[in-house]
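What follows is a short report on a single structure.
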Amino acid sequence: MFKKEVTIGIQEGVHTRIAAEIVNKANELKKKYGTELYIKKSGDTFPVVIGIIAILSLKINKGDTIEISSKGEDFKDQNAVLELYDFISSLCEDKNSISDIDYILKENSIANEQVLESLSIGLIMCDINSSIIYINSSMLKILNKELNDVLGKSIENIIKNINIENVLKDGVSCLGDIKIINDKELAMNISPIILNKDIIGAVATFQDISELVSIKEANVKLKKILESSSDLICFVDEKRKISYINPSYEKYFNIKAEDIIGKDLKDISPKGLRMKAFESKEKIQNMSYEKNGVELISKVEPLFINDKFYGIISISKPVNEIKELIEKLEHSQAELKYYKERFIQHTREEGAFKDIIGTSSSLKEAIFIAKKAANSISTVLIRGESGTGKELIAKAIHNSSDRKDKPFIRINCAAIPENLLESELFGYEKGAFTGAYKNKVGKLTLANEGTVFLDEIGDMPISMQVKLLRVLQEKEFESIGGLTTQKVDIRFIAATNRNLEEMIKKGEFRQDLYYRLNVISISLPSLRDRKMDIGPLTEYFITKLNKKLNKNIKGISKESMDCLLKYDWPGNIRELENIIERAMNICDGDIITLKDLPVFLTHKSTQTEGIINLLVEDMLRFEDYEKEIIKAAMEKYKTYNKAGKVLGLTHRTMALKCQKYGIKKVD
């Protein structure tokens, strides 16, 4: 066996017209090489002979892989498979959008399939080799099997003594046989499927004899199906009389059924498509024409039962209705695309910002601006004290932006010596200076199409600020010793804990660079200004560090949490994390207690001992002692004047000290 796989790239999958093109090509190759071609979906057990019903029954969607094969292995079989493979591959490239006619075909195909699925009788279709290419739900229930158990297999292996050979060989129908399947007595009819006088397969129906009394009920159901269809449906009997029109037909042409039923088609539409199909007894597929000023697309098909002609059926749809449906579909697809993009963006943002813990209004405002910045390409300046999470915000902005799959390069402007910063940023060429033995790629080159995070931008030397300004303005630079200008696409995010405005006044920071960086400004609050977040942050760090330290700490005692809440946290979140990690390492139980915290924290919270503790290893900053003394005096004497007299300070000095340390007057 020679076989070849192809993945379907057609947007709507293999719908009716595409299937027809594949069958037509397979027939050409059969005549050319004398070989039968087979098809199956990847994962299916048995291939089936290529035929329109067989292909449609596979329900091949975009992205599905199908296998084309032949049973022989000589050069003719291989050529046939390869030519069909190339043909289907070209269809995948060229048939990317559904046409009006394809839309009708697809809709009618779905409608026909739904009609077959709704039948209470069992139905099986076979190809010329007796392989099952379609089976409806009712038949699967009769057999008590799953679809994969029967599709592609020979019907003779599924139903014993069915004797389908004569039907496929001679085209002789087998009607009225009785079959016993799973203790059910069934009436079986087998008829050949004939196309252009060639037998291409057979259809077998199985009906529980006890259900024959329900034929009237089945007719009622069929009528309901026809009445609920939006298609314009008309039946013409074998005597050329119009026997049925559905409500959609009546409504669209503004006629009543009783005014047209029973009339000769020749008197109603002597030159129409229905008349042509009636006289030729041949199918007319998807013809566009105009009737009563209405443009229609119609399909007309003769009705044969056991080779006996019983009239025709026409199914039509107004073109303007198709256009409306396509417009609605396009609108729905546009809406779907919008909501999909919003969902992806929301999910991306939630994921990127999930590690930023806190509920204070100042932090929420900073995160709100950061999320807006993620959707922009403008430069961002993040301001805040050391340890407030400036790099975390920068990474979150990058990871929720369109550049998330591109590099994020961090450059600490304070950590790199001035004489190395330029080569670190721009790189250098071999021989540019003593010691430059080979080329070095700069971080700006590595960050192309990504994000550069300039941490501690306030510590960047003035000489480098000029060169950075050019990159921001012109999006280009030269490496040290380089002759070519490199173009880059970089999004810059800068961060600082310094007062850049004061530095500008002192000539320590360029004003033009400041304005280039300060397009979107984000201010991160210090931890002492968002103490409500200390609890959630502590829980987060305990969970995070349990994995790192292989510990099982469950929480922190109330007394210990009080200590954390009373501390001013000059090192902010970074200091809090370090203290929690230290406490977890020391902790012998599963709850952090006072003994696990540093002495300066526990002494500070103990009112009976006071803050003054002159043990050398526990000495605090002078400002810590001063703050505690000012606070104690204000709590006791209530006013600036009285407290100042006790401490030997003026009313104004006391007021300024209280303002500095955030101490409020006690009423």
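Atom set for the values below is all heavy atoms of this structure, side chains included, hydrogens, waters and symmetry mates excluded.
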Assess, by modelled atom type and distance only, whether the side chains of Y514 and E501 contain a donor and an acceptor separated by less than 3.5 Å.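 Per modelled atom types, Y514 and E501 side chains form a pair under 3.5 Å.
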Going by distance alone, is a donor N or O of one side chain under 3.5 Å from an acceptor N or O of the other, for T7 and T65?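 Side chains of T7 and T65: pair found under 3.5 Å.
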CG on L468 to CG on L425, rounded to 0.5 Å: 7.0 Å
Distance-minimising heavy-atom pair for K62 and G9: CE-O, 3.9 Å
Any idea which heavy atoms bring L381 and A495 closest together, and the distance? CD1-N, 4.4 Å
Are any of the side-chain nitrogens in K505 or E502 under 4.0 Å away from the carboxylate oxygens of its partner?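 Yes, this pair counts.
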With a 4.0 Å cut-off on N to O distance, would you call R403 and D489 a salt bridge?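 Looking at R403 and D489, the cut-off is met.
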Taking side chain as C-beta onward, heavy atoms only, is C658 less than 4.5 Å from I630?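 Side chain of C658 against side chain of I630, heavy atoms only: contact under 4.5 Å found.
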Surrounding CG of L147 (heavy atoms of other residues, nucleotides or ligands, distance under 6.0 Å), is the total greater than 12? yes
Under 6.0 Å from the CD atom of E474, do we count more than 12 heavy atoms belonging to anything else shown? yes
Taking the six-membered ring of Y661, is the NZ or CZ of K627 close enough (under 6.0 Å from the centre) and on axis enough (within 45°)?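 No cation-pi geometry.
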Please check this pair: side chain of K364 against backbone of G358, looking for a donor-acceptor N/O pair closer than 3.5 Å. no
